[in-house]
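Here is how names work: the chains are called A, B, and so on, in the same order as the sequence lines, proteins then strands, and each is numbered from 1.
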Amino acid sequence: MARKVSVDISRRGGNTQNGAQSCPGCKELLSPEELRRNSMICPHCGHHFRMTARQRIELLSDPDSWNEIAANLRSADPLEFFDLRPYPDRIEEAEYDTGLSEAMLTGTAKMNKMDVVLAAMDFSFMGGSMGSVVGERFWRAAEEAIETRFPLVVVCASGGARMQEGILSLLQMAKTTCAVELMGEIPVPFITVLTHPTTGGVLASFATLADVIIAEPAAFLSFTGPRIIEQTIKEKLPEGFGLAESHVRHGQVDLIVPRLELKERLVQILGMLEGGVACALQPLWEEEARRSGRGGAFAQAFDRIKALAHSPRRPPQG
Amino acid sequence: MARKVSVDISRRGGNTQNGAQSCPGCKELLSPEELRRNSMICPHCGHHFRMTARQRIELLSDPDSWNEIAANLRSADPLEFFDLRPYPDRIEEAEYDTGLSEAMLTGTAKMNKMDVVLAAMDFSFMGGSMGSVVGERFWRAAEEAIETRFPLVVVCASGGARMQEGILSLLQMAKTTCAVELMGEIPVPFITVLTHPTTGGVLASFATLADVIIAEPAAFLSFTGPRIIEQTIKEKLPEGFGLAESHVRHGQVDLIVPRLELKERLVQILGMLEGGVACALQPLWEEEARRSGRGGAFAQAFDRIKALAHSPRRPPQG
Amino acid sequence: MPTLPGVHLKDEIAKISQRLKELGHGRHLDRAVWDKVELARHPKRPYTLDYIEHMFAGFIELRGDRCYGDDPAIVGGLAAYQGRTLMVIGHQKGRDIASRTERNFGMPRPEGYRKAQRLMLLADKFGIPVLTLIDTPGAHPGIAAEERGQGGAIATTLMCMAKLSVPTVAVIIGEGGSGGALALALSDRVMMLENSVYSVITPEACASILWKDAGEAQLAAQTLRMSSDDLSQLEVVDEVLPEPRGGAHRDHVAAAKVIKDALEEKLRELETISPRLRKKERFEKFRRMGVWKENGLTLF
Amino acid sequence: MPTLPGVHLKDEIAKISQRLKELGHGRHLDRAVWDKVELARHPKRPYTLDYIEHMFAGFIELRGDRCYGDDPAIVGGLAAYQGRTLMVIGHQKGRDIASRTERNFGMPRPEGYRKAQRLMLLADKFGIPVLTLIDTPGAHPGIAAEERGQGGAIATTLMCMAKLSVPTVAVIIGEGGSGGALALALSDRVMMLENSVYSVITPEACASILWKDAGEAQLAAQTLRMSSDDLSQLEVVDEVLPEPRGGAHRDHVAAAKVIKDALEEKLRELETISPRLRKKERFEKFRRMGVWKENGLTLF
Ligand SMILES: [Zn+2]
Ligand SMILES: [Zn+2]
């Protein structure tokens, strides 16, 4: 019944010589400037092109409000990984191509004057893959959210784990999950925005653990990569498979928000979750703290994260 | 593909004049004595016939260990319900036919010397329907389990809510659920045995809220009655629909235990759950109680149920 | 029950029954009850999303059970309420043929109940009170729904409501049909619109089972005592909310105002109580449900 | 990164890469690593149910996620352990063609992970420690599994393990394949049998992606550092457990004894710590995972 299509998660559209590309939605030819001006949305059909992390930060934060945190983290090469090229070589190229220090940027920002901790992933940095730096940056962002009690918003875009960090990249799923669990104890509101594409280890950890999961229209979301599934089932995937709209129907995503409404919608939801926290939990904590003489749930979770933040780490090497 | 069959939840088999009945499993003619001697299991094909509540208690408790509790509860007629016959009339007939005071008996017993609170439902008492007495007996059983810290085992068999008590029968689902929640705070191990048939409000409340859900072979389990589903889908139900074996495949039931192994298996599971409680939670409670000076989680839940048990009820009437 | 020699109790009972049956059929049929059933099912009656639209300045619908699907027969989400937040969850019927089909006539499947649980737990995490709006003929009767655990889904939703530490208010706005309705109504306060009904079974099904005649639905409705007055007398609902003249369908905005005012009052009451005490009172409330005789005395 | 006029960095990088590629291909291929991969996948290697049989006096399998299904690729239940109780949960492969198909080659679907969560929470409720045995090529890749939320099911299982207040011990007994394996391994103590492997991706898939040649699987396996020795060096596992001579498949009973003894030791350690501290240490353990440079220094 359903038309079979091959899913191309890079979804670039064709590039022409002057840098213009044809829209995968309507085949119109679009210049890079035209796209950038329009938040990387096709003005003809509304197709959402991928955004870089910097574009995303610009889209979501008030002017001049962005303060990057954990900016000095850089990937190491713990496995001395060498496939067709050494890992540091690939990192260097990605840095050069994207102007970024890693596949996720983290910082604080204001969204319509509301303080938030904001993280944005960038698919163009090694496919948005999660290695140690992405995991640690996520941890620091969660830590910042817990300490400041600002909500955390993470814009996801990822091809999965950073294979070049081997098992350590896999373990970032466990690490980021622990960070989410700590935020939950406060609780700090946590929202993820799943953009095209969000797959693999990112989808199977923090991306799907948020209080509210938003997706961009037509974002491809899948734990297993489409090619692996096609190899397994030995046929092309049905049309619409893995798209955000399908995930809403299947109960995995709360809502789809078009990019131009995203900031407003985020502020609205965060305000509502905070409204709950501000009005209802505060007296509860105080009551509990008073009664137990132990400082209440908030104080305990706060103590815990502080303790972790300063827990002994092995001495720096290298 | 699957053969369509009409589901008969009474599943009596045909009665002949001398009281013998033909087995629905193998069509052999079985005398009542033969069946009783064999725990109501067909000696030819292993088909499990329905048991009465008293047979069930005999099957599961050590000789002379049964002590009924809440024995003096009887149905009232709050709605003055009158269909083709008045409700008190139906109750009286059920009492006469079954020799029981209601569709559920509750008490304490020993199972292989282990103390338990035991409840058994009887389908022959107005279709094992749950009205106020079943709900209150369940509550008292839970209360007993919490006070004594004996585990609770409930053998279910029910056609659903007691229509003649109208909305009050519906609310027994909420009431019994609250009792389960209170047990969970201790925690007291709670196991249900779903026997043929367990449907409607019982299935949609305490029966499916147990720590471990056991079913007897081929027990029919369904929230909606088979006839209503057939009317809705306008065809006969597929063979095997609603049977315990199907529910295991569909993830709704932990395990199927043949009747003759039931007692031993219950003791084994209860022992294991208690093993956890005894070895691991006890020191935890003590530690918590010591630190908070508030008597710990156990003491709190215990206080709560005690308070509820003695909460003011309106003065007796009638 | 002791039997006396020579007295065949069953025969006696049968004879008395026959007499009572004749009496019973002569009962006065109160048309007002059936009017309420029809108003509760009125095709223009406001539904959950209508109330949400008229009660709240903003609403963000949150979808899905994070497991199997999103059930359009139950809607839920965050609502902006006097500068703060509510989690609103309710059954949703459709108005035209397409949306009725999409909403499955307001009959939820297990994923609907599991979505409700998820949203309740989200509300509980952030201290957001939960308002449930009840309007369903009952849970969906179907093979796949049973296979995905319709019974367990309702039971665990009840359990979820029992556990919540936030204030919970339920309003029966239309049909309160059986377990499918109750699943969303294990609340600190349960209210009912004047022309809504709440029952263990639909009058039609009750009539066909007990009277062996679906045509006796009106008599069944009356006998089941499913109107708001009856339920108030039975102390199953805490308050009956008056509807605009002629019924809620005549004035959606006014009906929404009635609910909003009552909600505000109930929340004010509930929020002065500590979460612990609120939960204790909730348990006491439902523990008291039912009427029985004990040692010969009738207890409520 | 600053660019200098006239220097085309990308070209430079490409040239260097080519040189390094030639060097890389000349690397010594350590046959021992691939031997371990093959032993980890050995068709006679003991599986979860084999270990359960040899380690415990009694085992009650508990099935189902209470939502959609029972996944035979993950088994779990209560095990009698030295007069007390353990909750044991593990991936389960099949031995012959029929059972391999039934067990889906040990590749769980979402309902398998949700069953695992249910059993973990049951254990937590009764203070029963959780032992997980890990042996899967990875989570099942398939359309329906994705639609039922494979990603979310793994994530929530990780979250569930993070929350538990009981002691948790994981042992990688065969293939520790990707997120499908990790989902059961967010434990207080993580151990590995000598000839098991644990990796972010199968060597075959890694080779075909990075080397564009599935035939380079042996090189990929070595480069990924997926053997127990490597993982011990990387401090991802707390202990490597020696297998019987020739591998666990030679002597299931002896292999089970190794795990049982190690388990006993770890549980003794863990039970002297308060639940609160145990959880704190669990978080610290996983927080430390990863290696990065900060202000030019490499941090672990
Ligand atoms: Zn376009
Ligand atoms: Zn037979």
Side-chain angles (χ1 to χ4, degrees), chain A residues 149 151 180-181 183-191 207-215 221 244-257 261 264-288 290-292 296-298 301, chain C residues 56-72 74-88 102 109-119 121-130 148 164-167 267 270-279:
Chain A
R149 297 181 61 189
V180 175
E181 163 63 12
M183 281 192 289
E185 293 187 10
I186 300 299
V188 174
F190 169 41
I191 301 184
T208 46
L209 293 174
D211 296 311
V212 175
I213 302 176
I214 294 174
L221 318 172
E245 292 73 11
S246 154
H247 282 283
V248 169
R249 276 195 309 279
H250 286 103
Q252 310 297 334
V253 163
D254 280 296
L255 68 169
I256 292 177
V257 179
E261 300 167 22
E264 193 192 332
R265 199 54 70 91
L266 281 168
V267 169
Q268 209 178 356
I269 297 173
L270 290 174
M272 283 180 168
L273 293 177
E274 295 275 12
V277 172
C279 298
L281 273 192
Q282 192 90 49
L284 207 160
W285 292 333
E286 284 160 9
E287 181 198 359
E288 200 180 304
R290 208 174 47 245
R291 300 217 299 198
S292 72
F298 170 72
Chain C
F56 306 110
F59 178 68
I60 308 261
E61 187 179 348
L62 303 176
R63 293 175 63 184
D65 67 348
R66 293 278 189 281
C67 177
Y68 179 82
D70 177 63
D71 185 350
I74 288 184
V75 296
L78 296 163
Y81 171 73
Q82 334 256 48
R84 42 173 304 193
T85 312
L86 273 187
M87 181 66 79
V88 187
E102 189 210 340
R109 295 180 166 88
E111 44 277 19
Y113 294 108
R114 294 192 180 112
K115 168 167 69 176
Q117 292 176 43
R118 182 175 78 81
L119 297 184
L121 294 176
L122 179 62
D124 209 47
K125 177 175 176 182
F126 289 104
I128 296 169
V130 174
R148 293 199 299 276
L164 293 179
S165 58
V166 290
L267 281 182
L270 290 169
E271 293 197 328
T272 59
I273 315 173
S274 78
R276 190 179 298 263
L277 184 60
R278 208 158 48 215
K279 198 167 157 190

His250(A) side, atom NE2; Asp65(C) side, atom CG - distance, nearest 0.5 Å: 11.0 Å
Spatial distance of atom CD1 (Ile60(C)) from atom CD1 (Ile214(A)) [nearest 0.5 Å]: 8.0 Å
Under 4.5 Å from any heavy atom of chain A - which part of [X]:
X: Arg114(C); result: neither
X: Ala123(C); result: neither
X: Leu122(C); result: side chain

Nearest heavy atoms of Met272(A) and Ala80(C), plus distance in Å: CE-N, 3.3 Å
Pro187(A) versus Lys125(C), closest heavy-atom pair with distance: CG-O, 3.1 Å
Working for side-chain contact (heavy atoms from CB on, under 4.5 Å), residues Asp70(C) and His247(A): CA-CA 9 Å; Asp70(C) 177 63; His247(A) 282 283; over 6 Å; no
Glu264(A) CD: over 12 foreign heavy atoms closer than 6.0 Å: no
Lys/Arg-Asp/Glu bridge criterion (N-O < 4.0 Å) met for Asp211(A), Arg118(C): no
When Val212(A), Thr208(A), Ile213(A) are compared by non-hydrogen pairs under 4.5 Å with chain C, the top option: Ile213(A)
Interchain contact, Val188(A) with chain C, by part (heavy-atom threshold 4.5 Å): backbone
